[in-house]
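Residue numbering restarts at 1 for every chain, and letters A, B, ... go by the order of the sequence lines. Note that the coordinates shown come from a computational prediction; the quantities given were computed from them, not determined experimentally.
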Number of protein chains: 2
Amino acid sequence: MKKGHQVTMKEIAKKLGVSVSTISRALKDSPELHPETKRKIVEMAKEMNYQPNLLAQSLRISRTKTLGVIVPEITSHFFASCISGIQDFANTRGYNIMICQSNESIDLEMANIKTLVSSQVDALLISLSRETNHYEHLLDLYNREIPFLLFDRVNEDIPVSKVTFNDVGGAYEVTKHLLENGCKKVMYVSGPEDLYISKKRKEGYMQALEDFGVEFDPKMVKISNLTTEGNIKIGQEIAEMKERPDGVFCMIDPVALDILAYWKEKGIRVPQDMALAGFTNNPSSAVVEPSLTTVAQPGYEMGKLAVTHLLDQLDGIASDDPISIVLDTTLLPRKSTEK
Amino acid sequence: MKKGHQVTMKEIAKKLGVSVSTISRALKDSPELHPETKRKIVEMAKEMNYQPNLLAQSLRISRTKTLGVIVPEITSHFFASCISGIQDFANTRGYNIMICQSNESIDLEMANIKTLVSSQVDALLISLSRETNHYEHLLDLYNREIPFLLFDRVNEDIPVSKVTFNDVGGAYEVTKHLLENGCKKVMYVSGPEDLYISKKRKEGYMQALEDFGVEFDPKMVKISNLTTEGNIKIGQEIAEMKERPDGVFCMIDPVALDILAYWKEKGIRVPQDMALAGFTNNPSSAVVEPSLTTVAQPGYEMGKLAVTHLLDQLDGIASDDPISIVLDTTLLPRKSTEK
DNA sequence: CTGTTAGCGCATTCAT
DNA sequence: ATGAATGCGCTAACAG
């Protein structure tokens with residue numbers, strides 16, 4: 001199948017017996033043009049169903065008005081919300097977005113960057129993959145002076161603006177909540193240790209323990225690989241412990257949901273036997289039984305702030321100096337921690 | 001902030017004292033080139049971190065290798081899965097995608113089409129908004145010979161390829177399932193009547209009733225506006241009926257989930273008082289209590305098939321004649337219908 | 001084997 | 001107030 005022909009300025013010009021530059025001027029409402037000529041041209045353009053070729057325009061002015069977005073996975077409700085926010089606010093500023101997912105692979109992440117750069121996007125919004133443990137590709141972007149920003153999954157050493165949640169605070173709140181609800185031994189189920197959020201949320205967990213005078217017990221930290229199998233394995237390990245925790249805080253909701261499903265199957269009651277809490281506020285967490293206590297992260301808002309700041313930088317409204325935007329999270333106490 | 005300069009062929013040419021066309025040839029591995037020259041150029045390109053400008057390339061060959069995708073909303077797990085499938089298989093064929101969401105608004109849908117067309121996408125994959133009740137914008141695409149295809153939310157009168165689920169069959173299966181599990185009075189909760197899936201799923205519902213010798217009762221069909229409020233209102237109406245149904249089939253899972261939540265609050269037991277089933281297989285449906293019987297629609301697969309067929313048409317592998325691809329759904333019997 | 005030329009669609013500078 | 005000429009970065013036809 002071949003694409004049908006698109007009307008160009010040249011054709012309008014020929015039809016009207018004027019030059020292409022006149023068409024160009026008329027269509028961008030240049031003041032130095034005879035009103036009548038302008039009227040005729042605009043009318044004819046409409047009649048011929050003229051649509052400007054953004055490619056040519058972009059090549060000419062070397063700006064595409066397009067932003068590249070890279071997320072680990074688009075099917076995650078959280079990232080979908082971010083994208084939604086980015087899209088909406090990019091659009092209101094006259095920008096389009098091209099979205100890529102890295103599928104949590106650093107190789108794909110690098111390939112995505114390459115593609116988006118080749119596509120001449122004006123800037124990038126990136127949320128790093130789980131696998132990303134070296135950063136040459138980002139430093140390369142930086143060195144080539146291609147504007148970009150990191151959101152949610154960030155690395156602190158890259159000298160660009162970052163938008164994150166107050167992970168420490170959120171984890172603190174949820175740990176505190178467990179402690180206040182009578183838990184004596186609170187466990188933290190982490191993801192891989194080099195993940196930014198693994199570290200940050202552990203920080204909050206530790207801080208809360210300390211503030212409540214609970215001594216840290218290394219046995220009360222487990223690390224999941226974040227697959228369903230891995231999560232269930234952790235659930236099993238906990239179930240089989242001689243000295244079980246009485247409250248478990250999981251780094252992200254899916255971990256808690258998998259563990260909950262496993263425990264329910266095994267007859268372990270939540271919250272009676274063990275309280276359980278997550279982080280992120282996945283849609284499922286509200287409807288599961290018992291409903292899962294978690295920490296809400298407003299993804300749409302994050303996307304909105306991220307893209308707005310980036311465009312502010314592009315447009316010279318905000319300074320080029322990297323800033324860190326930290327969004328607050330909200331503890332959502334639900335049944336899974338009601339002792 | 002201004003974007004840093006990108007290396008062009010011209011610069012490589014100057015540095016090496018050869019012409020731009022030689023660079024071009026070397027970089028696309030033309031056979032009619034001195035190996036040594038080629039080697040030097042490739043090396044220099046690498047050293048200078050040359051990235052081809054896809055814009056220029058596309059303008060030149062009038063093909064962008066980019067596909068436009070329009071979905072009602074990206075935060076829906078189903079559409080996100082479709083996008084994921086589209087993205088993956090577009091990439092393997094060397095295509096990128098630009099995604100837009102219509103937010104269920106026909107105006108935004110039209111605006112999105114305009115933007116994507118201006119961006120010179122080679123083809124479009126569109127899933128219609130709920131609001132879309134006239135089709136000039138699609139016929140316009142058709143008349144302008146811009147290849148596109150409709151998926152999931154389609155209109156049958158547009159002469160292009162369509163990828164849909166066997167909605168009739170899926171609805172038949174779920175209704176049959178309710179009937180076989182002892183329901184005597186099965187209700188269908190529909191969405192707005194002009195929606196394609198509202199109609200198709202009703203067809204399956206009616207067919208099953210007929211096959212099981214159950215007379216159709218108009219009181220056993222209700223129409224929700226698909227907002228949470230609307231869904232709850234339906235749940236309330238059902239609860240207050242003198243003669244309640246004993247089984248309720250909802251057009252989409254969110255309706256069933258909202259109704260379930262309302263009923264639980266009111267002490268109405270599922271499935272004992274009324275059985276309940278949905279359609280789509282949202283992630284929440286598996287974890288809600290009781291788990292919700294539903295019909296699985298493989299979104300990723302739909303995206304994959306849709307994009308593959310479209311690219312086959314573009315590449316001349318498949319005929320340009322519109323075809324209809326119908327995907328099978330799978331009934332997922334769960335606790336909400338276990339009588 | 002390589003350089004020159006032309007042109008994709010558009011915006012802009014320089015003429016007139 | 002309008003046209004002609006130039007160039008954005010790249011490819012391809014043509015010429016040698």
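The separation between Leu59(B) atom CG and dT11(D) atom C1' is 11 Å, rounded to whole Å. For the pair Ile41(A) CD1 and dT2(D) P, the computed distance is 8 Å after rounding to whole Å. Rounded to whole angstrom, the span from the CD1 atom of Ile61(A) across to the C1' atom of dC10(C) amounts to 10 Å. Rounded to an integer number of Å, the gap from Arg60(B) CZ to dG7(C) C1' is 6 Å. In this structure, Ile12(B) places its CD1 atom 8 Å from P of dC10(D), rounding to the nearest Å. Summarising the geometry, the separation between CD on Glu32(B) and P on dC14(D) is reported as 13 Å, rounded to the nearest angstrom. Atom C1' of nucleotide dA4(D) and atom NZ of Lys10(A) are separated by 14 Å, given to the nearest angstrom. Put simply, CD1 on Ile23(A) is 15 Å from P on dG9(C), counting in whole angstrom units.
Counting only heavy atoms from C-beta on, Ser19(A) has its side chain closest to dA4(D) among dG3(C), dA4(D), dC10(C). In this structure, the nucleotide among dG9(D), dC1(C), dT11(D) sitting nearest to the side chain of Ser24(B) is dT11(D).
A donor N or O paired with an acceptor N or O is found under 3.5 Å between the base of dG3(D) and the side-chain atoms of Arg25(A).
If you check every strand for non-hydrogen atoms under 4.0 Å, Val20(B) touches a base.
Side-chain contact of Ser84(A) with Gln87(A): a donor-acceptor pair under 3.5 Å is absent, judged by distance alone. In summary, the side chains of Thr66(A) and Asn96(A) do not present any donor paired with an acceptor at a separation below 3.5 Å, with no hydrogens or angles considered. The closest side-chain donor-acceptor pair between Glu109(A) and Thr132(A) falls under 3.5 angstrom.
Distances shown here put every side-chain N or O of Gln57(A) at or beyond 4.0 Å from the OP1 or OP2 atom of dG9(C).
The pair Glu43(B)-Lys46(B) fails the salt-bridge criterion, with no side-chain N (NZ, NE, NH1 or NH2) lying under 4.0 Å from an Asp/Glu carboxylate O.
The neighbour count for Lys65(A) NZ, taken as heavy atoms of other residues, nucleotides or ligands under 6.0 Å away, is above 12.
When each of Ser62(A) and Ser21(A) is assigned the nucleotide of DNA chain D bearing its nearest heavy atom, the one mapping closer to the 5' terminus is Ser21(A).
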